[in-house]
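Report on one structure; see the data block that follows.
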Amino acid sequence: MLNVLISSKRVELSSLLFTKIKEDLDAGRQVILVVPAQSTMSIEKEAFFVLGKTGFFDLHIIRGQKLAETILGQTKRPDSPAIDRLGREMLLRSIAASAEGDLKAYKSGSTSGEFLAMVSDFIVQLKQNGLGLSDLDEISAKSKSPLLKDKLSDMKLFFEKYESAMTGKFTDSEDLVLFTAEQAKDSAFVKESVIYYYGFYAFTNRELVLLGELAKHSLGLNIALLCGDEDQFAVTRATLEKIKKSIDGTSVVCAKSAKAPLCELPAEKVHITACASPYSQALTIAADIKKKVREENYSYSDFAVLTGDSDEMSGSIKRVFKEAGIPVFADEKRNVLHSGAIEAVSSSLDLVVNNFKPNDAIRFLKSGALDFEQDDIEYFENYVKLYHIKGNKFASPFKPTFSKIQFNSG
């Protein structure tokens, strides 16, 4: 079963979404809330505030990739390793070097990073929309432009060689979506949960296949869309129609009618700047921030940089901002074990549970819980490995003489 929750106001849509989530949680059902990667933390905070809870056991707020990883972890993974955008571009670079003499429109510059990124995006678009070599032939046959025919011929060559190189060796991340959809029926995480999607405005054809499988095999699938009759909702209206055509049994649940526009920001306050790369984007943003701080009495804490591609932009922003002297905090997922205090607690518990395994002892020392020099800890680690110290041996006198480290089971 698939319900699409719609409203033209975010506040109303959020209220409807969390009302339904609360009903599911109160009924004892497990809930999965899938959100864009860059919105995870803000929506977690919103959930705590709206639901009035201090913690959740049955509400999982995750990104789409994490849902796919969980499904594959419970079922099975593809026989060949999956590659992401970086891996795709590395493979395309090899193809470009070997096929340079066969290209028609792109004879020069075919190995440049910008061109290979464009080819990578082209292949992604083909896969997301379920298109193949025959579709490129059909488009080429209908075209009257010799230049377009040559460009399509080159793209077909790249796509053909890319698919050939991938066969039996790698799985494209876009193909992984379909593979995940096939495994959804066997995932306990899916079958035991009500699933919500929130914060998205469009879905590819392959993602719709996955959504269809989630709707069939979960306790219920709900998609929250900001949607109305105004022009700014044209994309989400098209998405709603696409969902209804692709997934049988789709029903639409409307929040209270709201005709007010989603954004009342005056047009003159919106500035659009075209940049050639993530690095040049970061430079442009940094320059604008420095100008406003210097000339308009802003402080650095008054600015927030929002990006839909946090993985690619994060490195450029951190590097450029550091060079410009702009303090920056990146709202990114961090492993909880990167905290010394958490690592100290975790390793000390593991020491007891695992009967003083050597790795747990070293982890505890490296956490910084005790005031030892790093050189002494490394010396002790070498000693533990050399003499195979474990269990009760930690309570025995050590053979070498240690000036600073004393260790016992107490």
Side-chain angles (χ1 to χ4, degrees), residues 3-22 24-25 30-56 58-71 84-85 128 173 177 180 189 193-204 207-208 210-211 214 218 221-228 232-233 235-236 239-240 243 255 262-263 265 270 278 281-282 285 301-318 321 328-336:
N3 294 318
V4 181
L5 317 177
I6 64 170
S7 175
S8 60
K9 284 188 175 181
R10 187 187 181 283
V11 172
E12 291 180 353
L13 184 63
S14 174
S15 176
L16 175 61
L17 171 76
F18 285 108
T19 296
K20 290 192 167 293
I21 288 177
K22 187 176 186 304
D24 287 321
L25 293 174
Q30 178 174 263
V31 174
I32 302 171
L33 177 55
V34 183
V35 300
Q38 68 273 17
S39 304
T40 308
M41 183 175 290
S42 62
I43 294 178
E44 283 176 348
K45 291 172 64 177
E46 186 177 357
F48 281 116
F49 176 76
V50 174
L51 298 177
K53 300 285 187 180
T54 56
F56 298 105
D58 293 325
L59 174 59
H60 305 271
I61 302 177
I62 59 177
R63 53 198 172 92
Q65 185 178 351
K66 179 63 176 178
L67 175 61
E69 289 172 356
T70 304
I71 291 173
D84 55 11
R85 179 175 180 170
Q128 287 181 346
S173 55
V177 177
T180 303
F189 193 51
S193 303
V194 181
I195 303 175
Y196 291 82
Y197 273 72
Y198 179 46
F200 300 92
Y201 62 89
F203 298 98
T204 68
E207 288 171 337
L208 287 173
L210 174 59
L211 292 176
L214 295 177
S218 67
L221 176 63
N222 304 270
I223 300 173
L225 284 177
L226 275 169
C227 192
Q232 64 262 34
F233 299 115
V235 172
T236 48
T239 298
L240 177 59
I243 291 172
L262 175 65
C263 178
L265 194 66
V270 178
Q281 280 183 295
I285 295 168
S301 61
D302 294 328
F303 298 94
V305 180
L306 306 180
T307 172
D309 192 356
S310 56
D311 289 340
E312 185 169 353
M313 283 296 300
S314 179
S316 297
I317 289 174
K318 288 177 182 176
F321 278 36
V328 59
F329 168 75
D331 184 7
E332 299 171 331
K333 283 282 188 180
R334 293 171 174 83
N335 191 323
V336 69

For G199 and P36 the tightest heavy-atom approach is O-CG, 3.4 Å

Using the side chain to side chain contact (heavy atoms under 4.5 Å, CB included) criterion, which residues pair with I285? Sequence neighbours excluded. I289, V305, F321

Is the closest basic N to carboxylate O distance between E46 and R10 below 4.0 Å? yes

Minimum heavy-atom separation for S8 and G228, please, with both atom names. CB-CA, 4.1 Å

Between E12 and K9 (side chain of the first, backbone of the second, donor and acceptor by atom type, cut-off under 3.5 Å), is there such a pair? no

Partner residues of F303 under the ring-ring contact (aromatic ring centres under 6.0 Å, His included) criterion, sequence neighbours left out: Y298

Close side-chain approach of I62 to T40, heavy-atom, < 4.5 Å: no

I'd like to know if the side chain of S14 and the backbone of V11 have a donor-acceptor N/O pair within less than 3.5 Å. no

With a 4.5 Å cut-off on side-chain heavy atoms, are I71 and L214 touching? yes

Any donor-acceptor pair under 3.5 Å from T70 side chain to K66 backbone: yes

Which heavy atom of A224 sits nearest to which heavy atom of L17, and what is that distance? CB-CD1, 4.3 Å

Are any non-hydrogen side-chain atoms of L25 and L59 less than 4.5 angstrom apart? yes

So L5 and K20, do their side chains get closer than 4.5 Å, heavy atoms only? yes

With the side chain counted from C-beta on, respond yes when V34 and Y196 share a heavy-atom pair under 4.5 Å apart, and no when they do not. no

To the nearest 0.5 Å, what is the distance between CD1 (I32) and CD1 (I195)? 4.5 Å

Beyond-backbone contact of Y198 with L13, side-chain heavy atoms, under 4.5 angstrom: yes

Can you check side chain to side chain contact (heavy atoms under 4.5 Å, CB included) on F203 and T239, steps first, answer last? CA-CA 7 Å; F203 298 98; T239 298; 3.9 Å; yes

Counting only N and O atoms by type, is there a donor-acceptor contact under 3.5 Å from the side chain of T236 to the main-chain atoms of L225? no

Correct closest heavy-atom pair for S39 and S42 would be O-OG, 3.0 Å

Rounded to the nearest 0.5 Å, what separates atom CD in Q38 from atom OG1 in T307? 7.5 Å

Say you draw a straight line from CG of L210 to CG of L67; how long is it, rounded to the nearest 0.5 Å? 7.0 Å

Any side-chain heavy atom of L240 sitting closer than 4.5 Å to one from V4? yes

For a quick test of reading the model, state the closest non-hydrogen atom pair linking Y197 to L221 and the distance between them. CD1-CD1, 3.9 Å

What's the separation between atom CD1 in I223 and atom CZ in F200, rounded to the nearest 0.5 Å? 9.5 Å

Check for a donor-acceptor pair, side chain of T204 on one end and backbone N or O of E207 on the other, with a separation under 3.5 Å. yes

Calculate, to the nearest 0.5 Å, the distance between atoms CG and CD1 belonging to L16 and I6 respectively. 10.0 Å

If you measure from CD on Q65 to OG on S173, what distance do you get to the nearest 0.5 Å? 9.0 Å

Would you say the side chain of F18 lies within less than 4.5 Å of the side chain of L51, judging by non-hydrogen atoms? yes

